Number of protein chains: 2
Amino acid sequence: MLAFVNGPTIGRVTAETTHPSTEPAAAERPRKRQARGERRIAQLLDAAGHVFAESGYAATTTNAIAARAGVSPGSLYQYFPNKDAIAAALAEFYADSLDELLAPFAALDPAAVSLEAALGASLGPIVRFHRDNPACLALFIGGNAPGHVMDLQAPLMARTHARIEALLALYAPELPAARLETGAAVTLAAYKGVLPLLVEAEEERVPALTQELGDLLLGYFDRLLRP
Amino acid sequence: MLAFVNGPTIGRVTAETTHPSTEPAAAERPRKRQARGERRIAQLLDAAGHVFAESGYAATTTNAIAARAGVSPGSLYQYFPNKDAIAAALAEFYADSLDELLAPFAALDPAAVSLEAALGASLGPIVRFHRDNPACLALFIGGNAPGHVMDLQAPLMARTHARIEALLALYAPELPAARLETGAAVTLAAYKGVLPLLVEAEEERVPALTQELGDLLLGYFDRLLRP
DNA sequence: AGAGATTACGAGTGATTGCTCGCATTCGTC
DNA sequence: GACGAATGCGAGCAATCACTCGTAATCTCT
């Protein structure tokens with residue numbers, strides 16, 4: 001649990017140290033945060049992750065998050081301006097983490113590494129991440145996310161789509177652009193569809209299911225690349 | 001639009017004509033419904049379908065459904081006891097329709113009909129149905145459905161899973177049971193993942209995307225059946 | 001130790017929303 | 001036309017929930 005508290009600057013709303021000149025209008029006093037405060041933020045985000053994963057965004061109440069974190073509602077609102085911001089802070093961490101986990105696909109040498117090998121190596125950590133942070137799927141896949149979460153989700157999906165498209169182009173240079181685009185969209189959709197299965201499965205079934213996810217994608221690639 | 005109003009007895013809450021004896025406790029007076037009432041129910045369910053599809057279950061208000069149907073909130077509650085019941089009435093129709101659309105897979109002759117042909121023939125109508133009734137995905141896939149909807153969704157998924165498993169067993173009799181089960185689960189998950197893509201796509205892309213969905217499933221079957 | 005800032009609390013507020021109730025209108029039937 | 005039943009209305013009730021505020025405890029730094 002709490003996979004992100006060791007992560008990079010999550011929920012750190014620290015205004016970057018700007019010039020000491022008075023900001024024009026929307027500037028807030030750069031609050032100096034104590035260690036206690038940082039801990040509370042981690043507690044709150046951890047609690048939020050659990051509650052979002054259990055109930056989805058809409059059904060979770062801020063009071064439930066505060067209660068789960070062992071904190072009063074007032075304290076919650078000392079660190080987050082509103083409910084959206086809590087989800088957004090989580091989403092930002094999730095998006096960054098996924099970007100990192102998906103990076104290996106960016107530059108692959110088709111001659112040296114087979115798609116099979118690349119998927120086999122990368123899928124495991126991705127699956128593990130989603131199992132450790134089930135709220136990620138709840139926020140990103142579960143559709144009805146609030147405004148600020150969508151601001152992070154849509155670009156992440158676009159980047160992932162582009163990554164898949166580039167991957168396909170790498171391994172099948174002669175595929176027409178339209179089919180490339182469609183193939184990437186279908187691959188991403190199938191991937192998103194199977195992930196919930198992996199997250200809800202019992203631990204012992206995870207390796208086999210991960211293998212199956214790889215087979216699903218590879219089987220589609222086979223049909224895509226060889227007409 | 002309004003794909004279901006000609007369907008079978010949708011939202012018909014008519015208590016079957018029981019014995020005229022006074023029912024023990026939970027019996028309601030069997031209201032005689034006028035033609036006007038039936039029309040209102042269809043209007044309300046049509047409106048509900050649109051609003052659910054646009055906003056998801058949690059975010060839709062009963063007042064919004066009533067307004068969209070051109071009806072006052074009070075009238076809505078004359079035909080449905082609560083918000084859940086509206087979603088449940090829709091879900092019942094959806095579940096029945098999908099059962100019907102998936103029935104062709106029940107009994108196939110592997111010698112006479114290839115999986116390719118079976119999918120090619122059946123996927124089109126299924127996709128069309130989902131495009132005509134986008135609320136079906138919103139309620140069934142969108143996770144956070146209320147209690148009574150889940151009562152319909154879970155069995156539907158179980159039936160679909162069983163159907164896929166039977167299909168696989170038919171075309172690969174020697175596949176071990178465990179792998180059969182896993183294969184069906186992955187197939188269903190991938191299918192559910194790609195459907196939203198089909199529903200949101202522009203009309204002209206639908207045939208190509210339907211073909212791709214078929215390729216995805218067939219590609220996976222290839223890998224599943226031939227190690 | 002003392003000053004000033006941050007943290008913590010939790011009852012309360014305003015807005016939203018599922019739903020009700022009393023009454024007016026329309027329909028089906030004689 | 002008349003009567004009972006079904007339909008229709010919409011203001012308003014009660015509950016929920018995101019969020020606030022006054023106040024008190026605790027920390028940091030000199």
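Chain letters run A, B, ... following the sequence lines, proteins first and then strands; every chain starts at 1. These numbers were taken from a predicted model, which means no experiment stands behind them.
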Can you list everything that forms a side chain to side chain contact (heavy atoms under 4.5 Å, CB included) with A:Ala53? Sequence neighbours excluded, please.
A:Pro134, A:Ala135
Which residues pass the side chain to side chain contact (heavy atoms under 4.5 Å, CB included) test with A:Ala88, sequence neighbours left out?
A:His148
Pair listing, side-chain hydrogen bond (donor to acceptor under 3.5 Å, both in side chains) test, anchored in residues 187-196 of chain A, at least two apart
none
Output every pair passing salt bridge (Lys or Arg N to Asp or Glu O under 4.0 Å) with a member in residues 64-83 of chain B, not counting sequence neighbours, ordered by first then second residue.
B:Glu54-B:Arg68
Checking all strands, does A:Gly37 fall into the base, sugar-phosphate, or nothing category for heavy-atom contacts under 4.0 angstrom?
sugar-phosphate
Which atoms of nucleotides 26-30 of chain C (N or O only) lie under 3.5 Å from a protein N or O atom, and what are those distances?
residue : atom : partner : partner atom : Å
C:dC27  : O4'  : B:Arg36 : NH2          : 3.4

Tell me whether the OP1 or OP2 atom of D:dC19 has a side-chain N or O from A:Tyr77 closer than 4.0 Å.
yes
Answer yes or no: does a side-chain N or O of A:Tyr79 lie under 4.0 Å from OP1 or OP2 of C:dT6?
no
Between the side chains of A:Asp215 and A:Tyr220, does any donor sit under 3.5 Å from an acceptor?
no
Between B:Gln153 and B:Tyr94, a side-chain donor and acceptor under 3.5 Å:
no
With respect to A:Thr182, which candidate in B:Gln211, B:Arg205, B:Glu212 satisfies the side chain to side chain donor-acceptor pair (under 3.5 Å) definition?
B:Arg205
Output the rounded distance in Å from [atom1] ([X]) to [atom2] ([N]).
X	N	atom1	atom2	result
B:Phe80	C:dT20	CZ	P	15 Å
B:Leu76	C:dT17	CG	P	15 Å
A:Arg39	C:dT6	CZ	P	17 Å
A:Lys83	D:dC19	NZ	P	8 Å
A:Gln78	C:dA8	CD	P	7 Å
B:Ile86	C:dT17	CD1	P	15 Å

Short N-O contact, B:Arg128 and B:Glu203, less than 4.0 angstrom
yes
Could you check whether any side-chain heavy atom of A:Leu213 comes within less than 4.5 Å of a side-chain heavy atom of A:Leu197, counting everything from C-beta outward?
no
Side chain of B:Arg33, heavy atoms from C-beta onward: which of D:dT7, C:dC9, C:dA8 has the nearest atom to it?
D:dT7
With DNA chain C as reference, determine whether B:Ser75 or A:Pro73 sits nearer its 5' end, using the nearest nucleotide of each.
A:Pro73
What are the residues of residues 56-66 of chain A, sorted by number, that bring a heavy atom to within less than 4.0 Å of DNA chain D?
A:Thr60, A:Thr61, A:Thr62, A:Asn63
